[in-house]
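Predicted model only: the values in this text are computed from it and were never measured. Atom set for the values below is all heavy atoms of this structure, side chains included, hydrogens, waters and symmetry mates excluded. Quick note on labels: first sequence line is chain A, next is B, and so on, each numbered from 1.
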Amino acid sequence: MAESAFQAPKGTRDFYPEDAARRRFITEAWRSASVRHGFEEVDGPIFEHLDLYTVKSGEGIVSELFSFTRAGGEKDYALRPEFTPTLARLFAARAGSLPKPTRWFMAGPFFRAEKPQRGRLREFLQWNADILGDASPAADAEIIATCVSLLASLGLTSRDVRVKVNHRAALGAWLSSRGLAAERQPELFKLLDARGKMPPQEFASRIGAFGFSAEQAEVFLRGIVRITVPAGVDPRTHEVDPLRPPAVDPSVRDVLDLTYFSDAVMPLARELVAAGIIDWVDFDLSIVRGLAYYTGMVFEVHEAAGAERAIAGGGRYDNLVELFGGPSTPAVGFGMGDVVLGLVLEDRGLMPKAGDLFRRIGAAPDVFVIPGPNPAADALVKPVVARLRAAGLHARHTSKTTRNIGKLLKEAVDQSARFALILESDSTAAVKDLTSGAQSPVVPLADAIARLTGRE
RNA sequence: GUGGCCAUAGCUCAGUUGGUUAGAGCACGAGGUUGUGAUCCUCGGGGUCGCGGGUUCGAGUCCCGUUGGCCACCCCA
């Protein structure tokens, strides 16, 4: 703020080196998890025709978008607020020649014209992974497993975060069986979604209007049917009896008929057990999400104590590709933003600090070349650095004038270099391992370089 | 979009009922001592106090507006 009156636009971020490194740390983890699970990377334009978004969401969406008309142009455009329409467009255009199922991921910037708050900005990065052309519960589970794989790769555990899973069709069928007309269900979903924002008495009274008792309201408030694997049981071989959901809280059964729910969810639960991630999952009747187009399984990932906003969310959307002009195609996927994920990692102390961070993203120097006090060493610094770089190493040298060994070693450490190469004369050097502190004896320069460039 | 709280150095903050040239610690830069990441010493850069206006002899301080941040509501694809 010193020299300029300009501020970054509301809800945007500036990325100084350590910020950019944190961003890369996250995006590289996204990429790795995607590739590990067999997804291929795609992308589309960062702005699309405005119509692409109003088709699905109506004109009301426009106030949430950054939209514009080119000076002198006619068409309306919008910065992309989500990827699903673009994904559907890409898929529809080549549906005939794509493999089934098609597994795609992308990660990039998105824009929403909302009022910024903690965890919610106007420009953010989002990771999307989708499976198109596979209607099976196995695909549902694979999507969740990919998400869990990412979380685990960053050091999060099933005690830090919970995957809340629900099934829209199952919940709808159950509600219909209790006589709640389909038209009134979205109303109930909205109430369920807002349950945490009102006193319990108010919730009980409002849910009473839908024909639920106070005891049932209590169950909705707790909201959770948890399926866990008992300690000592190998989740890969653990059998789940579809007729008897394991470890369901008995008090829940007393007041809710979960038959519809479990019929729809048990095949998925079995897949989650097979994938070894059932411990991460709670089945939660109140998770509703974008009622607009989800048709089956829906899920959200939350910090276990409920801190922060949702880390990720997704579900099955079997009608959407068709809505965008493609062939009828079952699909399931999810999105995860970088903002909340970053906050949770910071909260848990899992975001690496400077030196480690640069090392983790491959931006730390392999070797820092230090001239000793011998004047002959000075002239050697640049040729040696050039030679190390030609061999593919990340090599740096000081730009300071001091030849104080201690200060130069400190500079090497500050820059998180792995090794220091100390030039002793025009033909000799020592290699110091800056991680262990071990230093080699003074050897011929060629030997020292060979040690640094040789295979590990 | 509505409302509340906040804004002084890169960071954390101090700054008296309105009064000289706005300070500290850390961080950063240059150099010195000790041939090894430390310690120590010297020096230095950096602020039109978010921005604009008003009141006043005089505003970092009081008033209004504005921008941005945080929080709640709305929304959350």
Side-chain angles (χ1 to χ4, degrees), chain A residues 1-14 16-19 48 52-58 60-65 78 80-88 110-122 124 126 128 190 193-194 196-198 287-294 298 300 309-315 317 320 323-324 333-337 339-340 343 354-355 368 370-374 377 398-417 419-424 430-440 442:
Chain A
M1 70 188 85
E3 67 294 326
S4 170
F6 288 116
Q7 295 178 314
K10 182 194 293 194
T12 65
R13 294 170 288 178
D14 293 322
Y16 289 91
E18 197 167 340
D19 307 308
E48 291 271 12
L52 186 68
Y53 303 113
T54 55
V55 160
K56 188 189 79 183
S57 309
I61 194 71
V62 174
S63 66
E64 303 294 329
L65 301 176
R80 63 184 181 190
E82 60 167 325
F83 192 65
T84 308
T86 301
L87 177 85
F110 290 88
F111 306 86
R112 296 178 187 175
E114 298 178 294
K115 183 146 183 168
Q117 286 180 44
R118 180 180 176 87
R120 188 166 78 174
L121 300 176
R122 291 184 157 191
F124 55 95
Q126 192 175 81
N128 289 270
K190 193 162 186 171
D193 196 38
K197 295 180 178 178
M198 62 188 79
I287 296 299
V288 177
R289 289 196 65 74
L291 0 151
Y293 62 73
Y294 285 116
V298 292
E300 288 180 359
R309 296 165 187 279
I311 298 167
Y317 49 99
L320 205 60
L323 178 64
F324 284 102
F334 75 96
M336 177 187 292
V339 182
V340 176
L343 289 171
F368 195 87
I370 293 175
N374 184 332
T398 189
S399 56
K400 297 182 195 297
T401 53
T402 182
R403 289 299 170 259
N404 180 314
I405 300 284
K407 285 195 176 177
L408 294 176
L409 280 170
K410 176 171 168 17
E411 187 182 5
V413 172
D414 286 346
Q415 297 191 17
S416 17
F419 293 101
L421 177 63
I422 305 172
L423 303 178
E424 301 287 357
V431 176
K432 178 162 190 170
D433 183 327
L434 295 174
T435 307
S436 69
Q439 182 167 330
S440 79
V442 176

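Using a 4.0 Å heavy-atom criterion, one finds that A:I370 contacts no nucleic acid atom at all. Residue contacts for A:I422: at a heavy-atom cut-off of 4.0 Å it reaches a base atom on one of the strands shown. Residue contacts shown for A:K432 include a base, since a base heavy atom lies under 4.0 Å away. Residue A:E424 is classed as a base contact, given a heavy-atom separation below 4.0 Å to a base. Among the heavy atoms of the strands lying under 4.0 Å from A:G11 are primed sugar atoms or P, OP1, OP2 only; no base atom is included. Base contact: A:D433 has a heavy atom under 4.0 Å from a base atom. Counting any heavy atom pair closer than 4.0 Å across all strands shown, A:G335 reaches no nucleic acid atom.
Comparing B:C70, B:U36, B:G32 by their nearest atom to the side chain of A:T402 picks out B:G32. Residue A:Q439 places its side chain closer to B:U36 than to any other of B:C70, B:U36, B:G35. In this structure, of B:C70, B:U36, B:A77, it is B:C70 that holds the atom nearest to the side chain of A:R118.
In this structure, A:E300 atom CD and B:A77 atom C1' are separated by 12 Å, rounded to whole Å.
To the nearest whole angstrom, the two C1' atoms, one in B:C49 and one in B:A7, are 10 Å apart. With C1' as the reference atom, B:C28 and B:G15 are 24 Å apart, rounded to whole Å.
The OG1 atom of A:T86 sits 8.5 Å away from atom CZ of A:F324, with the distance rounded to the nearest 0.5 Å. Atom CD of A:E48 and atom CZ of A:F83 lie 8.5 Å apart (nearest 0.5 Å).
A residue-by-residue look at A:G119 and A:L423 shows that A:L423 has its nearest nucleotide of RNA chain B further toward the 5' end. Residue whose closest nucleotide on RNA chain B sits further toward the 5' end, between A:A8 and A:L65: A:A8.
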Give every pair of a protein N or O atom and an N or O atom of nucleotides 72-75 of chain B that lie under 3.5 Å apart, one pair per line with the distance.
residue	atom	partner	partner atom	Å
B:A72	OP2	A:Q117	OE1	3.4
B:C73	N4	A:Q117	NE2	3.2
B:C74	N4	A:Q117	NE2	3.4
B:C74	N4	A:R120	NH2	3.2
B:C75	OP1	A:K190	NZ	3.2
B:C75	O2	A:E114	OE2	3.4
B:C75	O2	A:R120	NH1	2.3
B:C75	O2	A:R120	NH2	3.4
B:C75	N3	A:R120	NH1	3.0

Restricting both atoms to N or O, compile the protein contacts to nucleotides 65-67 of chain B shorter than 3.5 Å, with distance only.
residue	atom	partner	partner atom	Å
B:U67	O2'	A:Q7	OE1	2.6

message: What does the B/S/- profile of nucleotides 39-45 of chain B look like, 5' to 3', with a 4.0 Å heavy-atom cutoff to protein?
response: -------

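A salt bridge links A:E114 with A:R120: at least one charged nitrogen is closer than 4.0 Å to a carboxylate oxygen.
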- prompt: How does RNA chain B look in dot-bracket form if you count Watson-Crick and G-U pairs under 3.5 Å, write [ ] for pairs that cross, and put | where a base pairs with another strand?
  reply: (((((((..((((.....[...)))).(((((.......))))).....(((((..]....))))))))))))....

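Here A:A78 pairs with A:L50, A:Y53, A:L65, A:S67 under the side-chain contact (heavy atoms from CB on, under 4.5 Å) rule; sequence neighbours left out. Not counting sequence neighbours, the partners of A:R13 by the side-chain contact (heavy atoms from CB on, under 4.5 Å) test are A:F15, A:L121, A:F124, A:D338, A:V339.
Side chain of A:R309 to backbone of A:R118: a donor-acceptor contact under 3.5 angstrom is found.
A:I405 pairs in a side chain to side chain contact (heavy atoms under 4.5 Å, CB included) with only one of the listed residues (A:T402, A:L409, A:L408), which is A:L409.
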